[in-house]
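Just the heavy atoms: all of them, side chains too, but no hydrogens, waters or symmetry mates, feed the values below.
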Amino acid sequence: MRITICESSFDLSVQAARFIAELVKTNPTATLCLASGHTPLGAFERLVEMADAGLVDFSRCHFIGLDEWVGIPSSAEGSCRYFLDNYFFKKLNIPEAQLHFFDGMATDPEAECRKMDDVIIYLGGLDLMLVGIGLNGHIALNEPGTPWNLHSHVGDLDEMTVTVGQKYFSGKTQLTKGITLGLQYLREAKLPLLMASGEAKAPVIRQALEGEVTELFPASIFQTLEQGVVMLDKAAAGRLGA
């Protein structure tokens, strides 16, 4: 595991964007799994700027959705697909055939999982898996206690995840289950990348990177990932080594 500490959230966005861009320059047909949410938003904005300037080309990449809320359509403002569509894919004119997301409205979520696993196998695995970290240590919608050896799967949402998840919607939304890439994909990804920013994430980052390695705190899996990269701003890294 390699840890990079950046001066600010802006610097974190710049450095993460450069990191992703270098990967794509090396492998123009890379398969990229990108998290939605506020933390990577600045990096996506920088990447769009770089693409517009001709510094990186995503036109041959395939993109994998990290997770979705079960029962929420992709057109809903709080969905992973909605976020990435509006802040990344549409700005880059990525063809629909290169976008692979879970359907939160599928009548058979387990079949959605198998379909996603088949797509990832067909594409040769994940070249990059970008994730954030929840206040309960979750990665994607792998909640505390989720086995680390799962690929795509459906699971019940932790109460904290349900509460925090409301910020992505304009009104109170019923959230009970998530469909997600499992942590086995982090183990198999060529580059697992964790981004975190802000003082609120400092305690969970310390527990993830310096605490007990346990399935009860999913983000602690990064301590086991030799190829893992963790990028933090100073605020998120503030309790490391304390």
Side-chain angles (χ1 to χ4, degrees), residues 13 16 20 30-45 47-48 58 61-92 94-106 109-117 119-120 123 126-136 138-143 146 150-158 160-171 173-183 185-186 189 192-197 218-219:
S13 296
I20 295 169
T31 298
L32 311 175
C33 174
L34 303 178
S36 60
H38 299 137
T39 300
L41 178 56
F44 297 157
E45 291 173 345
L47 287 169
V48 169
F58 291 97
C61 293
H62 281 259
F63 296 88
I64 303 293
L66 181 61
D67 52 28
E68 282 295 2
W69 312 107
V70 171
I72 301 297
S74 61
S75 59
E77 62 181 340
S79 74
C80 179
R81 177 65 192 267
Y82 180 93
F83 182 94
L84 287 166
D85 269 348
N86 283 277
Y87 290 107
F88 199 63
F89 301 141
K90 288 181 179 178
K91 295 179 183 295
L92 297 175
I94 304 296
E96 181 68 26
Q98 292 162 225
L99 305 178
H100 313 279
F101 278 73
F102 294 113
D103 179 2
M105 297 298 291
E110 295 294 343
E112 277 293 291
C113 292
R114 305 292 77 77
K115 183 168 70 175
M116 180 64 83
D117 290 339
V119 167
I120 293 173
L123 293 171
L126 301 177
D127 294 292
L128 172 77
M129 186 170 175
L130 168 62
V131 299
I133 180 173
L135 294 176
N136 62 0
H138 76 204
I139 294 285
L141 292 177
N142 294 280
E143 301 287 22
T146 303
L150 300 180
H151 285 101
S152 300
H153 64 96
V154 180
D156 294 328
L157 298 176
D158 185 80
M160 181 179 289
T161 301
V162 172
T163 300
V164 174
Q166 298 299 321
K167 69 182 180 182
Y168 299 111
F169 299 90
S170 58
T173 303
Q174 184 176 12
L175 305 172
T176 57
K177 291 182 178 291
I179 182 168
T180 183
L181 296 191
L183 296 180
Y185 278 119
L186 267 181
L193 172 60
L194 171 64
M195 289 182 68
S197 66

Output, in order, the C-alpha distance, side-chain angles, deciding distance and verdict of side chain to side chain contact (heavy atoms under 4.5 Å, CB included) for Leu66 and Leu130. CA-CA 9 Å; Leu66 181 61; Leu130 168 62; over 6 Å; no

Show your reasoning for whether side chain to side chain contact (heavy atoms under 4.5 Å, CB included) applies to Leu181 and Leu126. CA-CA 11 Å; Leu181 296 191; Leu126 301 177; 4.1 Å; yes

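Taking CG of Leu32 as the start and CG of Leu123 as the end, the distance is 10.5 Å to the nearest 0.5 Å. If you take NE2 on His153 and CE on Met116, they are separated by 12.5 Å, rounding to the nearest 0.5 Å. Note: Asp156 CG to Leu141 CG = 11.5 Å, rounded to the nearest 0.5 Å. To the nearest 0.5 Å, atoms CD1 (Ile64) and CD1 (Ile120) are separated by 5.0 Å. Distance CD/Gln98 to OG1/Thr31: 10.0 Å, rounded to 0.5 Å. The line from CD1 of Ile72 to OG of Ser79 is 8.5 Å long, rounded to the nearest 0.5 Å.
Note: His100 and His62 have parallel aromatic rings, judged against thresholds of 30 and 60 degrees for the angle between ring planes. Note on ring orientation: taking the six-membered ring where Trp is involved, the planes of Phe44 and Phe88 are tilted (angle from 30° to 60°).
Residues Phe89 and Leu99 have side chains in contact (heavy-atom distance under 4.5 Å, counting atoms from C-beta outward). Within the 4.5 Å cutoff, the side chain of Ser152 has no heavy atoms near those of the Ile179 side chain. Inter-residue side-chain proximity for Val70 and Leu157 is flagged as unmet; no heavy-atom pair is nearer than 4.5 Å. Put simply, the side chain of Thr146 does not reach to within 4.5 Å of the side chain of Pro218, judged on heavy atoms. Counting heavy atoms from C-beta outward, Tyr185 and Asp117 have side chains that approach closer than 4.5 Å. Between Asp158 and His138, the closest side-chain pair of non-hydrogen atoms is not below 4.5 Å.
Nearest heavy atoms, Ala219 versus Ile133: CB-CD1, 3.4 Å. Ala35 approaches Pro40 most closely through the heavy-atom pair O-CG, 3.5 Å. Summarising the geometry of Glu68 relative to Phe102, their closest heavy-atom pair is CG-O, 3.5 Å, with the distance given to 0.1 Å. In this structure, Glu143 and Asn136 approach most closely via the heavy-atom pair OE1-ND2, 3.2 Å. Here the shortest heavy-atom pairing between Met105 and Pro73 reads CG-CA, 3.5 Å. Of all non-hydrogen atoms in Asp67 and Thr180, the two that sit nearest each other are CB-OG1, 3.6 Å.
With Arg81 contributing its side chain and Ala76 its backbone, the two residues share no donor-acceptor pair below 3.5 Å.
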